[in-house]
Enquirer: 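Okay, handing you the structure first.
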Number of protein chains: 2
Amino acid sequence: MEEFHTNIGENIKRIRKERNLSLDKTSELTGVSKTMLGQIERGKSAPTITTLWKIASGLRLSFSSLVSQYKPNVTIVKKKEVNPIIENNGQYRVYPLVPYNPEQQFEIFSVTLEPGCEHIAEPHTTGVEEFILVNEGTLEVVVNEQVYIVEPEDTLIFKADRPHIYRNNGDHIVKCSVVIHYSSQ
Amino acid sequence: MEEFHTNIGENIKRIRKERNLSLDKTSELTGVSKTMLGQIERGKSAPTITTLWKIASGLRLSFSSLVSQYKPNVTIVKKKEVNPIIENNGQYRVYPLVPYNPEQQFEIFSVTLEPGCEHIAEPHTTGVEEFILVNEGTLEVVVNEQVYIVEPEDTLIFKADRPHIYRNNGDHIVKCSVVIHYSSQ
DNA sequence: TACATACGTGCAATATAACGTCCAAACTCT
DNA sequence: AGAGTTTGGACGTTATATTGCACGTATGTA
């Protein structure tokens with residue numbers, strides 16, 4: 001993510017090698033200088049979208065084939081090592097486990113609500129859908145003035161483009177996993 | 001195409017306005033300076049992919065929603081105004097009518113073969129498919145040592161990742177439309 | 001009117017993308 | 001082995017992306 005452009009470099013180099021093209025030949029096909037191509041491949045510079053466009057066009061590639069991320073087979077995220085976002089005086093804590101990324105258009109949080117906590121969430125943009133999987137405690141969610149009671153092991157799915165409220169009316173802590181999906185209109 | 005980055009600017013501005021965001025707020029969400037955002041929106045500068053990444057992530061957008069081209073409703077391409085690519089001493093002429101573009105992953109040519117012309121085409125990369133629609137004359141195409149006779153109003157479809165030969169053995173000119181599709185593996 | 005706030009843009013400084021030229025290593029050919 | 005060719009990378013220069021600061025305009029408020 002912070003080293004995002006290295007992906008593109010690797011993709012270009014792989015495709016170039018698959019086609020047995022030299023940097024010179026690729027430069028000729030794309031109209032991008034050999035030096036620049038080499039630097040992009042080695043991750044030494046991040047191209048502007050105009051040069052990326054030239055590369056994609058010259059090599060007859062789609063954008064997605066260039067920006068596609070290399071995914072490690074296995075990744076483990078330790079919640080203890082994730083800095084939570086604190087709200088409601090620490091009663092409402094959000095742990096971003098899988099941050100958003102333009103390719104996979106969703107993000108995953110773990111959310112904790114202390115007993116008595118009521119959190120009012122801003123409406124998201126249109127097309128956003130939330131999936132709430134309750135792990136512990138009983139969660140109350142208000143959407144469209146309607147109250148939904150979500151028991152442990154139950155899941156609530158709703159369009160989050162309107163204001164909604166999370167509430168823990170029990171005396172036990174509430175822990176839930178939240179997946180937010182952003183549909184690019 | 002040459003003014004490609006203006007598209008992205010328009011897309012960002014449109015989305016930002018839809019969400020009632022100021023440049024300041026957008027800068028805060030994306031980590032890209034307000035000035036830069038303004039320049040990108042106005043087409044005054046072409047962002048690098050790292051800043052585009054920041055914008056897409058901060059605004060929870062996909063890449064495709066940012067790079068999507070504005071398509072005019074109607075476009076007319078006059079073959080007379082298209083510079084053909086000349087080969088075989090002018091006996092083989094290729095008119096690029098619709099150039100390749102990374103979004104729509106194909107290109108369209110009009111091809112003319114004078115009588116007696118034989119053109120040997122380089123193999124394309126794997127995954128490339130050709131669609132040949134013969135308009136005038138009778139075209140012979142050799143693929144995998146197999147000769148195919150394509151009469152007027154007939155269409156030949158074949159995977160073009162191997163050498164192939166176009167031949168006009170008749171005494172009438174051959175004109176055909178060719179669509180080449182590149183599947184981004 | 002005067003003041004305040006929010007918004008978009010202009011300007012100067014800096015970082016870096018993009019280019020042309022040159023160079024060293026590897027690979028052909030006799 | 002030696003000359004020529006191809007390859008990828010290094011260096012210096014130019015173009016431009018990116019930033020922070022400041023300015024002008026609009027809108028609302030007392």
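So you know, we letter chains A, B, ... as the sequences are listed, proteins then strands, and number each from 1.
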Enquirer: Just the rounded figure in Å: distance from P of D/dT7 to NZ of A/Lys25.
Expert: 10 Å
Enquirer: Between B/Thr48 and D/dT18, does any side-chain N or O lie under 4.0 Å from OP1 or OP2?
Expert: yes
Enquirer: Using the side chain to side chain donor-acceptor pair (under 3.5 Å) rule, pick out the option among B/Arg14, B/Arg16, B/Lys13 that qualifies with B/Glu41.
Expert: B/Arg16
Enquirer: Find the distance A/Asp24:CG to C/dC22:P and express it as a whole number of Å.
Expert: 15 Å
Enquirer: Between A/Leu21 and B/Lys44, just flag the one whose closest nucleotide in DNA chain D comes earlier from the 5' side.
Expert: A/Leu21
Enquirer: Step by step, would you call A/Ile49 with B/Ile8 a side-chain contact (heavy atoms from CB on, under 4.5 Å)?
Expert: CA-CA 9 Å; A/Ile49 52 169; B/Ile8 293 184; 3.0 Å; yes
Enquirer: What nucleotide among D/dT18, D/dG9, C/dC19 has an atom nearest to a side-chain atom of B/Pro47?
Expert: D/dT18
Enquirer: Can you tell me how far apart CG (B/Leu66) and CD (B/Glu10) are? Round to the nearest 0.5 Å.
Expert: 12.5 Å
Enquirer: Using whole Å, report how far CZ of B/Arg42 lies from C1' of C/dG10.
Expert: 9 Å
Enquirer: Rounded to whole Å, please give me the gap between CG in A/Leu23 and C1' in D/dT6.
Expert: 11 Å
Enquirer: Checking contacts here: which listed nucleotide (C/dA18, D/dA10, C/dA17) is nearest the side-chain heavy atoms of A/Thr51?
Expert: C/dA18
Enquirer: Between C/dA6 atom P and B/Asn20 atom CG, what is the distance in whole Å?
Expert: 16 Å
Enquirer: Reckon B/Ser33 touches a base, only the sugar-phosphate, or nothing at all at heavy-atom distances under 4.0 Å?
Expert: base
Enquirer: Using the side-chain contact (heavy atoms from CB on, under 4.5 Å) definition, which of the options B/Ile165, B/Asn169, B/Val150 pairs with B/Glu140?
Expert: B/Asn169
Enquirer: On a plain distance test, is the side chain of A/Lys34 in donor-acceptor contact with the base of D/dG9 below 3.5 Å?
Expert: yes
Enquirer: Rounded to whole angstroms, how far apart are CE on B/Met36 and C1' on C/dA17?
Expert: 13 Å
Enquirer: For the residue pair B/His119 and B/Tyr92, categorise the inter-ring angle as parallel (less than 30°), tilted (30 to 60°) or perpendicular (more than 60°).
Expert: parallel
Enquirer: If only side-chain N and O atoms of B/Arg16 are considered, is one of them under 4.0 Å from the OP1 or OP2 phosphate oxygen of C/dC7?
Expert: no
Enquirer: Closest approach to the side chain of B/Gln39, judged atom by atom: which nucleotide of D/dT19, D/dT18, D/dT7 is it?
Expert: D/dT18
Enquirer: Measure NE2/A/His5 against C1'/C/dT16 and give the value in whole Å, please.
Expert: 11 Å
Enquirer: Answer with yes or no whether A/Thr35 presents, from its side chain, a donor or acceptor under 3.5 Å of a partner atom in the base of C/dG20.
Expert: yes
Enquirer: Could you check how far CD1 of A/Ile49 sits from C1' of D/dA17, rounded to whole Å?
Expert: 11 Å
Enquirer: Would you say C/dC7 has OP1 or OP2 under 4.0 Å from some side-chain N or O of B/Lys17?
Expert: no
Enquirer: Which nucleotide in the set D/dA17, D/dG8, C/dT9 lies at the smallest distance from any side-chain heavy atom of B/Ser45?
Expert: D/dA17
